[in-house]
Amino acid sequence: MITAELLSDLKSILSEEQMIEGESENHLLGNSGQVTIYPKSEEEIANVLKYANNHRKKITVSAGETKRGFGGIIDSADILLSLANYKGIVEHTPGDMTLTVKAGTPFKELQDYLAEHKQKVSLDPAWPEYATIGGIIASNESGPKRLGYGAGRDVVIGLRMVYPDGTIIRSGGKVVKNVAGYDMNKLFIGSMGTLGVVTEVTMKLRPLAKYESLVLLSFPEGNVEEIRSFAIHLLDSVMEPTALELLSPALSQKLIGENLHTLAIGFEDVESSVHYQEEYVKKIQPANSKMKILQQKEAQAFWDKIYSIGPNGAAPAAGSEIEASLKIGVTNLDVLHVINISQQLKDTHNVVVEAHGGIGHGLCQVNLKGASEDIESAIDQLRNSVNQLGGYVIVKHLPLSLRKKINIWGENPSYFFLLEGIKSKIDPNSVLNHKRYVGGI
Amino acid sequence: MASKQIKTNDKHVKNLANIVGGSRSILYHKEDLLAYDSDGFTLHRHLPKAVVFPKDTQEVAKLVKYCSDNQLPFLARGAGTGLSGGAIPMNGEVIISMVRMKRLLSVNLENRRAVVEPGFVNLKLTNSISDKGYYYAPDPSSQYCCTIGGNVAENAGGAHCLKYGVTTNHILGLEVVLPNGEIIEIGENGIPDAPGYDLLGLITGSEGTLGIVTKITVRILKNPEAKQTVLAYFDNVTDGSQAVSDIISAGIVPAALEMMDKTAIEGVEAAAFPVGHPKDIEAVLLIEVDGISAGIAEQINQILEVCNNRNVREVKVAQDELERGRWWANRKTGFGAMGAISADYLVQDGVIPRSKLPQVLNRINQISEEAGLRIANIFHAGDGNLHPLVLFDARIPGESEKALAAGSACLQACADVGGTITGEHGVGIEKREEMRFVFTDEEINAQTDIREVFNPNNLLNAGKLFPMPGRCVEIKKELKEKEAAIS
Amino acid sequence: MSLKEMALKQDPSCTTNSLSNYLWSDAPDENKWADCVHCGMCLESCPTYELTGQEQHSPRGRVHLIKSVAEGKLEVNEQFMDPVFACLDCRACTTACPADVDVGGLIEEARGQIRQAMPLTGWKGSVSKLFLQGIFPHQNRLNSMGSLLKFYQKSGMQKVVRKTKLINVMPQHLVEMEAIMPEIKEPLRKKYKNEKVIKAKGETKNEVSLLTGCVMDVMFSDINESTVNVLTRNGNDVSIPQNQTCCGALHVHAGDRETGRKLAKQNMEAFKDSDKVITNAAGCGCALKEYPELFREDPEWHEKAEEFSAKVEDISKYIHDTGYEKPKAELNTRITYHDACHLAHGQGVRQEPRDILLDIPGVEMVHMPNADRCCGSAGIYNITNPEMAGDVLESKMQNVPDDVEMISMGNPGCMLQMAMGVEKYGRNQKIVHTIQLLDWAYQKEDQLKGGE
């Protein structure tokens, strides 16, 4: 049997307790492996990759499994390489405000550790308890606070990775400013593990905000123009919101019990500055809107809730209903349209829709729940509308069966040959996350 | 300036001239070309074959295609202010000068972005939107004349990147002419995270070796509501360095955090913009915080407290914009000011982890003593970007060589503590060999592999950024390829 | 100079004369280019670089070419001449340069070499020769040319010429100049021919001498009048040495350094008894201050020139520094101020004229963007390089605010050029000299007093 042969080959690289045979039944989300391995050292990872490369095996990379439903049209690869046991802080010099950490470290673990030093990684991804830093970087996850703090590409200053041929490659470094050679970090951030296995991530840190609050502004009329002009007013002021997230009425209902379009405006700074900014928002508050202000822990609790509203690949919903999650990118203010169009899918396509998007950065997350064919046509419909706005739709979570039907990345870009060229240079045998990326890379 | 006849027998020159519409847009006489034999880095010089001045993307694409089809090496050039030689035509390239593509194409305040042509000058962008209260954040000290196209190629930094990041953090979209003449658009409409590998991030900082940028969408920011600047004098460098770390550790993210040592202070006080720094202090810090007015005072108090805890001799807050301006002028003209105390200087651009500052400064002192040359230190202390200025006199035989060796030793010192060899000036020709201080052969190969995808014939800006070929890297690679072929 | 210069030092030394292709004495000074590190901070300050985007038409490019001739890499030929003579000599690069490289000085020295290597021919040569050698140095000829112009204007011939399109036989740019020729009045030096000293009104505080200037005194004699009025009103005895001559600026700009030296010597003689030499033409003032440059190879005259140049001061700076009576009458007008290159970049006088204007009641100052950008006049540049001068002027005029009534400045060359700009682009501003406005305010004050 093939699996047995594989197992015995792998035994020369790893100890037996580091590997288990794959799931017997087909997983809803696919992306399984005949054998799941849990390497503990970089050397083991390199050896496994070298072996796979030489023996034309396919490897799927995983750790927290939150993104198991993100991309890929293969039920099971030869090896599922899990970094779940490859975790821990490698280096942290508080005075440098930089941190090197192993890829399999769960995000929350990381933040809790840093909080002791009054520092943080300034990213706010979904499912922080499960999602690992490696996965967050590989899938380029960001949250509402991207407006204030940027994304993975603004935070990562160095990566260490294993190439498919087993070579260890470092990109960037440990310093916050670096233009030596190509900015290779960028290439690997968001590459969905198709180029190499990230083993260590070095990031620049931010101080924990001394104070934070959240202004929730709900608009009873649901008038897009009204929300738009308020947002423009706020963005054109000298206020510095760290988040300016528009919630769809359904999501607003779920989070704060108001079935209305709601703007979540986050402020983080020293206390006096935060209150000063709240006052400013009060001053320009549209006449018929409702305002609620949450301070400190309450504000944090709100954001924590937002981070767990989407589907989690590690614990997919059971039952007949299908879950989908979409990442939509448009020009900043077009977020208003996207949220509105998404909201309408509820009636036209009989699906449950929860959507939110950052007016200051243009990225939306739309979560859908419903019957398979409804989800399929809803995604189709949404993609059409977004294309007209010049934007894109990426389906971040979808059962394998539907991923085989829907191109989750959308049309290939005109420069697809470059993406292909990069992939075939680095991973000519397509060992890593085969067909999981744009255009079947 | 009337259009003249093209007087040459070189068919390539004639054909290139035809593409750009005649004699006003091409230079090919030796006398004119000589002005293009280097950029801001003058240690190497070489004449280009010709210099062409396209007016739009189509012309760039045609020029590139022509060069590519005819195996003519070529490169793009902006204002030519680069400090590492990225625009020097070492192989007698056809220089494609982007300076006539200098329009501001659009400004969209609501969505906080602007679209510019590559020849648009950095500072002009801020000047064009400042009346509305907006600005473009990356501010290299050459911003008065450097182009945004060049900034993209070099991933330019500046004094304020500690808080706001460097060029790559502000680029939303690019139109690029690839080395085969094909035009592509990345980050269409300036929307972030387009599906696919982040070519935007890869091309930014690729020093003109992957393609020629012809249109740039940048993020623009709202001016901060308030700004405060502090000057602090220290009697020893270690206290000054510790204060830097303490400020950062206190949870303050200053907009800028600059430091000068005693020798540097001697220079700036002897030059055009003295501000009366005491002559006997060992270090001065220039700290700027900006943001919401209501929060500034608290941060300033914290900074003053930190400085006092680190035995500051004197610390003061700028009383008005005039005083702030004088402090900055004093700092920003620091390099040029060295002319006042030394015949020549060599500037380096290492970066170190902030906490290693005292250690590396000691090492630089040592290097200075060993070489018998003074080294002034002016640096972006906040992000650990050092600019050691090796002072020497080229007229004294052997001193230039000593200075070069000392400069390289400074970079080695940075690399030794986990730092890097360039923070904002780029590798270019200057630091090709020093790339080995920070990267293994395999890592350098990984990068040239990427270049091959974009620039397979290596006609575009060849010989930059990576150690000279023909050495072990290439040989090993050949072996590897043979090995692969066999297996 | 940075280490980067060293690359060149690996070549045989550039200071030995064997390599240099400068064949005449007074060659470009090595010390002037040695400071250039090729950083490029000068680029955007240069009007010709702005227009062409070409390095050889930029300050650092020109410096590099000038240096290359000295190193034997280039010859003094047509191709070299082009960029060197396309320079407006506006000195904006000197202001922009962090290392204080004297680009203007280098350019003038290089022009000296070029003119000797390849004398001018063709119409440019004739015009140049006529103005530089035939007219400017000879006050009487200038006067009679002035008289001729005056006759031409008064006689109505001007109208005839304009109407009958006779004017079209002239090259276009000369036509434009003709259209804005100021009305010619009696020159100051003629008027005060018999007065040794024009006494201060009231108590004498200082004694000064006035350089009346060649063109200024003929074409803009009323500005000279105003200058005398302002000086005497503020306690200055003014003398006008009769044997003074043209400052030589235009000759030096054009590469005729020999004539420049001749004129310099005559002026140094003429003003040898003066403690203070006042100029109201920025170009002249700058030239006088730079006389030492002409005598680098002549220690005796160099010393005299140093002494002389220390005495030279622009009227606006002099008045500002020694104190002046603030006018009380209101001149209700909106104005903008243009920095003459040779005042702002050449002499560092920027704030003083603005302060003076703002001290006049009722004057509202509107900011002109890029106020210190060259207007394209640059001596006789507008005659010799009409196309580039025209482009520079166009870009200048775009910066002139729409809603001002006057444009004030401190240099006659600029005044002619800006007047041409106003005419050419259908604008309606009056062109005035800073000191004229101050004088008018005084006069108005006196009139009002007289009326009481």
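These values consider heavy atoms only, across backbone and side chains, with no hydrogens, waters or symmetry-generated copies. Chain naming here is simple, since letters A, B, ... match the order of the sequence lines and numbering starts at 1 in each.
Only the side chain of S249(B) comes within contact range of chain A, with heavy atoms under 4.5 Å apart. For N178(A), the parts lying under 4.5 angstrom from a heavy atom of chain B are both the backbone and the side chain. Of the atoms belonging to N385(B), it is side-chain heavy atoms, and not backbone ones, that fall under 4.5 Å from chain A. For a residue to count as touching a neighbouring chain, one of its non-hydrogen atoms must lie under 4.5 Å from one of that chain's; by this rule H361(A) touches chain B with the backbone only. The contact between Q447(B) and chain A is made by backbone and side chain atoms together, counting heavy-atom distances below 4.5 Å. Heavy atoms closer than 4.5 Å to chain A are found in both the backbone and the side chain of I248(B). The part of S237(A) that comes within reach of chain B is its backbone (N, CA, C, O), which places non-hydrogen atoms under 4.5 angstrom from that chain. For A250(B), the part lying near chain A is the backbone, with the side chain staying farther off; criterion is any non-hydrogen pair under 4.5 Å. There is no contact between K118(A) and chain B, counting heavy-atom distances below 4.5 Å. With a 4.5 angstrom heavy-atom cutoff, L418(A) touches chain B via backbone and side-chain atoms both. If you measure heavy-atom distances from L363(A) to chain B, the contacts under 4.5 Å come from the side chain alone. Only the backbone of H425(B) comes within less than 4.5 Å of a heavy atom of chain A; no side-chain atom from C-beta onward does. Contact annotation for L200(B): both backbone and side-chain heavy atoms come within less than 4.5 Å of a heavy atom of chain A. In this structure, the portion of L178(B) lying under 4.5 Å from any heavy atom of chain A is its side chain and not its backbone. The part of E154(B) that comes within reach of chain A is its backbone (N, CA, C, O), which places non-hydrogen atoms under 4.5 angstrom from that chain. For a residue to count as touching a neighbouring chain, one of its non-hydrogen atoms must lie under 4.5 Å from one of that chain's; by this rule Q302(B) touches chain A with the side chain only. Residue Q119(A) does not touch chain B at all, counting heavy-atom pairs closer than 4.5 Å. Both the backbone and the side chain of V238(A) come within less than 4.5 Å of a heavy atom in chain B. In this structure, chain A has a heavy atom under 4.5 Å from the side chain of R113(B), while its backbone stays farther away. Residue L205(A) does not touch chain B at all, counting heavy-atom pairs closer than 4.5 Å.
When atom types are taken as modelled, the side chain of Y415(A) and the backbone of E185(B) share no donor-acceptor pair closer than 3.5 angstrom. Judged by distance alone, the side chain of T422(B) and the main-chain N or O of A180(A) form no donor-acceptor pair under 3.5 Å. Of the possible donor and acceptor atoms, one in the side chain of R354(B) sits under 3.5 Å from a partner among the backbone N and O of G95(A). Formation of a donor-acceptor pair under 3.5 Å by the N111(B) side chain with backbone atoms of L333(A) is found in this model.
Your options are G439(A), G329(A), G181(A), and the one with the most heavy-atom pairs under 4.5 Å with chain B is G181(A). When each of G291(B), S84(B), G384(B) is scored by its heavy-atom pairs under 4.5 Å with chain A, the top score falls to G291(B). For the set G157(B), S206(B), S245(B), G165(B), the count of heavy-atom pairs under 4.5 angstrom toward chain A peaks at S206(B). Considering only heavy-atom pairs separated by less than 4.5 Å from chain B, the leading option among S272(A), P413(A), P207(A), S273(A) is S273(A). Ranked by non-hydrogen atom pairs under 4.5 Å with chain A, the options V438(B), N223(B), L210(B) are led by L210(B). Between chain B and the residues L419(A), D183(A), V438(A), the most heavy-atom pairs under 4.5 angstrom are made by L419(A). Note on I252(B), L199(B), L357(B): by heavy-atom pairs under 4.5 Å with chain A, the leading option is L199(B). Options E271(A), K177(A), K186(A) differ in how many heavy-atom pairs under 4.5 Å they form with chain B, and the most are formed by K177(A). Of the residues considered (G423(B), G418(B), A297(B), G295(B)), G423(B) shows the highest number of contacts with chain A, using heavy-atom pairs under 4.5 Å. With respect to chain A, the highest number of heavy-atom pairs below 4.5 Å among I203(B), D246(B), L172(B), I184(B) belongs to I184(B). When each of N140(A), I232(A), D236(A) is checked for heavy-atom pairs under 4.5 Å with chain B, D236(A) comes out on top. Taking chain B as the reference chain and counting heavy-atom pairs below 4.5 Å, the highest number among F188(A), F417(A), Y392(A) is found for Y392(A).
Nearest heavy-atom pair across P353(B) and D96(A) is CB-OD2, 3.2 Å. Shown here for S355(B) and T93(A), the closest heavy-atom pair between the two residues is OG-CG2, 3.7 Å. Listed here is the closest heavy atom pair of G391(A) and I191(B): CA-CD1, 3.7 Å.
Under 4.0 Å is where a charged nitrogen must lie from a carboxylate oxygen, and between E110(B) and R228(A) at least one such pair does. A salt bridge links D193(B) to R146(A): one of the charged nitrogens lies within less than 4.0 Å of a carboxylate oxygen.
For the atom pair H275(A) NE2 and I292(B) CD1, the distance stands at 13.5 Å (nearest 0.5 Å). To the nearest 0.5 angstrom, E443(B) atom CD is 9.5 Å from M184(A) atom CE. Distance check, rounded to the nearest 0.5 Å: CZ of R451(B) to NZ of K425(A) gives 10.5 Å. Rounding to the nearest 0.5 Å gives a distance of 8.5 Å between NZ of K204(A) and CG of L162(B). Between the CD1 atom of I426(A) and the CD1 atom of I450(B) there is a distance of 4.0 Å, given to the nearest 0.5 Å.
The environment of K132(B) atom NZ is sparse: at most 12 non-hydrogen atoms of other residues, nucleotides or ligands sit within 6.0 angstrom.
Between Y197(B) and Y437(A), the ring planes lie tilted relative to each other; the angle falls in the 30° to 60° range.
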Go through K174(A) and I352(B) one step at a time and tell me if the side-chain contact (heavy atoms from CB on, under 4.5 Å) criterion holds.
CA-CA 8 Å; K174(A) 290 199 292 186; I352(B) 54 165; over 6 Å; no
Evaluate the criterion side-chain contact (heavy atoms from CB on, under 4.5 Å) for residue pair R112(B) and L235(A); output intermediate values, then yes/no.
CA-CA 9 Å; R112(B) 294 204 176 182; L235(A) 285 169; 4.2 Å; yes
So D198(B) and N185(A), side-chain contact (heavy atoms from CB on, under 4.5 Å) or not? Walk me through it.
CA-CA 9 Å; D198(B) 183 0; N185(A) 290 331; over 6 Å; no
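Between the side chains of T331(A) and N189(B), not a single donor N or O lies within less than 3.5 Å of an accepting N or O. Counted by atom type alone, N169(B) and R153(A) present zero donor-acceptor pairs between their side chains at under 3.5 Å.
Sorted by first and then second residue, the ring pair (Phe, Tyr, Trp, His ring centres under 6.0 Å) pairs involving residues 147-168 of chain A (not counting sequence neighbours) form an empty list. Sorted pairs that involve residues 430-456 of chain B and meet ring pair (Phe, Tyr, Trp, His ring centres under 6.0 Å), not counting sequence neighbours, are lacking altogether.
The one candidate from T204(B), T209(B), T448(B) that meets the side chain to side chain donor-acceptor pair (under 3.5 Å) condition with Y182(A) is T209(B).
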